[in-house]
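So you know, we letter chains A, B, ... as the sequences are listed, proteins then strands, and number each from 1.
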Amino acid sequence: MKEKHDRQKMPEQKPSERIKNFKEVPFGYTEELALNEASRCLECKKPMCVKGCPVNVPIPDFIKLVKEGKFAEAARKIKEANSLPAICGRVCPQEDQCEKLCVIGKMSKPVAIGALERFVADYEREKGDITIPKVSGKTGRKVAVVGSGPAGLTVAGELAKKGHEVTIFEALHKPGGVLVYGIPEFRLPKKIVESEIDYVKQLGVKIVTNAIIGKSATVSELLEGEFDAVFIGSGAGAPKFMNIPGENCVGVFSANEYLTRSNLMKAYRFPEYDTPIPRGGVVAVVGGGNVAMDSARTALRLGAEKVVILYRRSREEMPARIDEIHHAEEEGIEFHFLVNPIKFICDEHGKVQEVECIKMKLGEPDDSGRKRPVKIDNSEFSVKIDTVVIAIGNDPNPLIQKTTPGLEVNKWGNIVSGKESGKTSIERVYAGGDIVTGSATVIEAMGAGKIAAGAIHKFLMDEK
Amino acid sequence: MHRIISKKKIAEDIFRIVLEAPAVAAKRKAGQFVVLRPEETSERIPLTIFDSDEGKGTITIIVQVVGKTTRKIASLGEGESLLDVAGPLGNPTHVERKGNIAVVGGGVGTAVAYPVAKAFKEAGNDVIGIIGARTKDLIILEDEMKAITSELFITTDDGSYGRKGFVTDALKDIIEKNPIAEVLAVGPVPMMKAVCNLTKQHNIETMVSLNPIMVDGTGMCGACRVTVAGKTRFTCVDGPEFNGHEVDFDELTKRLKGYSDMEKHYIGHKGCNLENKV
């Protein structure tokens, strides 16, 4: 069978242009491109793609609506399973999920499900055609959700649709969690996040910002108070450092700080916004995940002369999405594989000047299944740098665990919760997302949120 | 939104502001702080909660104008509002009955020292106070400190008020005359460092409250990291109070100046003459 169309590529900003701005890189499909791409879907009777989706979006159904030109209806079809399609269409690793299992992918390239999801969600929003589904009758039950990131928003949206009264408590001044403080504007425009959060609010969810659970109120107080159940989706909060000499030099940042300054505090618009961030010079980013790519590409847009990624394993082991690695390469970011910093050297003002690295080689596979990096003796070398961003992951923020007696955590401090229910060791308390799994993806957190929402709903209705 | 109930200028560029923050007022303990943002374009800045009134749902903060965001806060009048107040953050002071406590406040650091001194007083300790500043006009909260201390000493660098000299000169005399169980020192980094150098010689436990650069204030970013006893700690969640004898003050000084060429207002305190001495 000869396909009528090849996989349609989204038009995007040229690398030479986009490194000078914070605007989104891809422009998204036109209607014509979307129709061409949708025509490639075989509408399988037993769709594999849906199985690859952590929130089971009815993929062939929404693509069928695209084929019929019913774009807003297609968006609403997705929203039956996923309240945040414009976000997922942009940041989900579709290549490892739905698109990986697409039957067409076995013969040629899989259907661009993510690009289509993004197109219909944008269409609905831009046309101002967002409709709020009918919410089930009020149950009179109340649920507190801690954290307004992907997990929390999903739990909240799902439970609100079922008629429960949901309040989200967010520690920062803006809701969205990692979608707002972590992922940069050029990958996920904040007005899109705001619009999808608005949708969740219109479902009836109340969001309280500047509310730090563990400080302003504890989980126990929420349970003793007005809430029948609590979901903890507080994220992977605390940045990991390398614990090497010179790490507290001025100019060495955690990725959380660097990205929070730029994204949440809008330091990239300094001095219009008051929060500063260093610009220019040579920037070294340590790590090989999506957060490292985001940091490197942010540094470039902030005017860095040169940005280098220092990664201790090889290209094959990089956890970043292939698309993001490609984007970074196109933009001129230098990748240095099999190297690891061992020391930062600063001047008399404490300002970082140099990073001393050591070369690595790959040894036996470790627990993650990836080959373990091993130091090569006497291979030290130095690189002159002005700024360092450490993007090697996060540990769970201990605030809630410390203030919630009886809440079981594992040896890393992550909350232990049931895979099929999100239930924790405390009655009426559920958890999901990075606080349970450690750093993972937006969609995995949403998947966990959806599972927990199902379990919470069942609990609330059975108890009734 | 958090309405300003009252605002009073207490010294040049220093204001005492009472604002609505019922959730914070209900939970707050001595030693804790809030992170504030007066408007959408502002930075998030940490400020100690000077006092609170749970019944009225208000907190009191002391703001010194040092940069754009603090200037914005100071420009707001009674009836106007701050956009965000998050807290209470940080660990409360560990207060117990110990005997004689010396509390040292330098400049606007007195606003941080006061609530802790008050808590120690209420726990049955005898509190001896020292407040110091460059000059008379910058001495704040004298009456408040007088009310909770058995003795209050005042020093100014230029001798325009109280004793001419540094807080350490007064502290030295106090230590020689009284058995001191603990010292609490809050002020510019050089002052805290000088106090710690002195108390170390006398083996007196000394707590300091640190004011490094912060962003979120909840342990998420690590901007406020300090080295204490050779280990990296986050001031926002592990502090803000630490054993002063274990703090790497030189590193803290350098980190506080990290943005001085971009924005002067990151430095929590105005210039301190002790800096030239230590």
What's the separation between atom OG1 in B/T218 and atom CG in A/L172, rounded to the nearest 0.5 Å? 6.0 Å
Is A/K351 in contact with chain B via its backbone, its side chain, both, or neither, using a 4.5 Å heavy-atom distance? neither
Test side chain to side chain donor-acceptor pair (under 3.5 Å) applied to B/E40 and A/K174, A/K266, A/H173, the passing residue: A/K174
Is there a side-chain contact (heavy atoms from CB on, under 4.5 Å) between B/N91 and A/K215? Walk through the geometry before answering. CA-CA 9 Å; B/N91 297 307; A/K215 287 284 179 191; 4.0 Å; yes
Between A/F241 and chain B, which part of the residue has a heavy atom less than 4.5 Å away: side chain, backbone, both or neither? side chain
Given heavy-atom pairs under 4.5 angstrom as the criterion, report whether the side chain, backbone, both or neither of A/T260 touches chain B. side chain
Quick one: what part of A/N397 sits under 4.5 Å from any heavy atom of chain B, side chain, backbone, both or neither? side chain
Taking side chain as everything from C-beta outward and backbone as N, CA, C, O, which of these in B/V35 sits under 4.5 Å from a heavy atom of chain A? Side chain, backbone, both or neither. neither
What part of B/R37 lies closer than 4.5 angstrom to a heavy atom of chain A: side chain, backbone, both or neither? side chain
Per-residue contact mode, A/I212 against chain B (heavy atom under 4.5 angstrom): side chain
Between B/G222 and A/P239, what is the shortest heavy-atom contact and its length? N-CG, 4.2 Å
Please check if any side-chain donor atom of B/T69 sits under 3.5 Å from a side-chain acceptor atom of A/D274, or the reverse. yes
What part of A/E221 gets within 4.5 angstrom of chain B, counting heavy atoms only: side chain, backbone, both, or neither? side chain
Do B/T232 and A/E247 pass the side-chain contact (heavy atoms from CB on, under 4.5 Å) test, and can you show the C-alpha distance, the side-chain angles, and the key distance before you say yes or no? CA-CA 9 Å; B/T232 293; A/E247 206 166 18; 5.9 Å; no
Assess the residue pair A/V250 and B/K257 against the criterion (side-chain contact (heavy atoms from CB on, under 4.5 Å)); give the C-alpha distance rounded to whole Å, side-chain angles, the decisive distance to 0.1 Å, and a yes or no. CA-CA 9 Å; A/V250 173; B/K257 288 179 182 163; over 6 Å; no
For the residue pair A/N210 and B/D84, what are the closest heavy atoms and their distance? ND2-OD1, 2.9 Å
For A/T275 versus B/E43, what's the shortest heavy-atom pair and its separation? OG1-CG, 3.2 Å
Interchain contact, A/C249 with chain B, by part (heavy-atom threshold 4.5 Å): backbone
